[in-house]
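First comes the structure, then the notes that go with it.
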Protein chains: 2
Amino acid sequence: MRDDIHMMQKLREAGLSPTPQRVAIGEILLGRPQHMTAEQVHARVSTEIRPVSLATVYNTLKAFVEKGLLREVVVDPGRVYYDSTVANHHHFYNVETGELTDIPADQVNIAGLPVLPRGAEVAGVDVIIRIRPTH
Amino acid sequence: MRDDIHMMQKLREAGLSPTPQRVAIGEILLGRPQHMTAEQVHARVSTEIRPVSLATVYNTLKAFVEKGLLREVVVDPGRVYYDSTVANHHHFYNVETGELTDIPADQVNIAGLPVLPRGAEVAGVDVIIRIRPTH
DNA sequence: GTAGTTGCAAAGTGTTTGCAGGCAG
DNA sequence: CTGCCTGCAAACACTTTGCAACTAC
């Protein structure tokens, strides 16, 4: 189908051979803004498209991150979220539900970056606004 | 010694009974700005003051966080840093060395917080500037 | 053939838990 | 006594690794 072909193209452009497993994972995760854990990807790909081993999910997510198709978000100890939006932006993290929401980069204005330690360059800036339901 | 007495007082004020283990952990970790993992606390307390089990270190760190003596910093999947500075501030994280450095709150100016999701309140704002050595 | 990929199971890492024994009030 | 605290060992959750079978070119 057409989606598959687009995904295969996308993977090739990123420098990855488009195996069925990678295409399936790409279909689920890439293409629309989304935050998922490895487990969630594994569950959805396996039930909706084809069985894929958890090891392959981890391998593939790692490869996607390396190739810039995906971003890791660290908000919770012992759990990595994969974010299909790679452009510069930030996050709300609901500490009660674990839900992660995007904040467009232009809605957070960091005025005046502090002086960096000597011999260091910025690798990335993460802003995480932890929220909880009002009681 | 005097330090112990001050630490015992501090723990009591926080609502914790000042057991020898808690005092020892407090001596190592509280009192000066510092970022340590549970393992590091365990190693330093055990060699410098007294043997303490890892389970007790975890219990104690959790208790300290609950009582507001300590803050958790999540920058790396599968590893929690404990930060003895509880006042509002931010962090540099050196992605190559794992070193964590404080940024005073007034050096990062977040202009214009984005609109919160309905029925939510801010639980905390984390700014992590990931840095790496220049090559 | 040869290099890259998959998937199982085993190993690893950091953290939490169950529970028996100890200690303080 | 009674309730909290400690520490051992086992359990856990998530992730990585070793390796043999497989696939594509």
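We name chains A, B, ... by the order of the sequence lines, and we start the count at 1 in each one. Heavy-atom basis, side chains included; hydrogens, waters and symmetry copies ignored. None of the values given here were measured: they were computed from a predicted structure.
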Legend entry - Gap between atoms CG and P, on Leu54(A) and dT16(D) respectively (whole Å): 10 Å
Legend entry - Set of residues satisfying ring pair (Phe, Tyr, Trp, His ring centres under 6.0 Å) with respect to His35(B), sequence neighbours excluded: His91(B)
Inset, instruction - Give Gln21(B) one of three labels, base, sugar-phosphate or nothing, depending on what nucleic acid heavy atoms sit under 4.0 Å from its own. - result: sugar-phosphate
Inset, instruction - Please determine, for the side chain of Ala38(B), which listed nucleotide (dT5(C), dT6(D), dT15(C)) has the closest atom? - result: dT15(C)
Legend entry - dA13(D) OP1/OP2 closer than 4.0 Å to side-chain N/O of Arg79(A): no
Inset, instruction - Look only at the side chain of Arg130(B) and the backbone of Val75(B), and say whether a donor-acceptor pair between them is shorter than 3.5 Å. - result: yes
Legend entry - Distance below 4.0 Å between Thr19(A) side-chain N/O and dT6(C) OP1 or OP2: yes
Inset, instruction - Determine, stepwise, if the pair Leu29(A) / Leu61(A) fulfils side-chain contact (heavy atoms from CB on, under 4.5 Å). - result: CA-CA 10 Å; Leu29(A) 189 45; Leu61(A) 292 175; 3.5 Å; yes
Inset, instruction - Under 4.0 Å from any atom of DNA chain C, heavy atoms only: list the residues of residues 55-65 of chain A that qualify, in numerical order. - result: Ala55(A), Thr56(A)
Inset, instruction - Would you confirm whether Gln21(B), through its side chain, and Ser53(B), through its main-chain N or O, come within 3.5 Å as a donor-acceptor pair? - result: no
Legend entry - Tyr81(A) OH to dA13(D) C1', straight-line distance once rounded to whole Å: 13 Å
Legend entry - Nucleotide dG3(D), atom P - distance to CG of Leu16(B) in whole Å: 20 Å
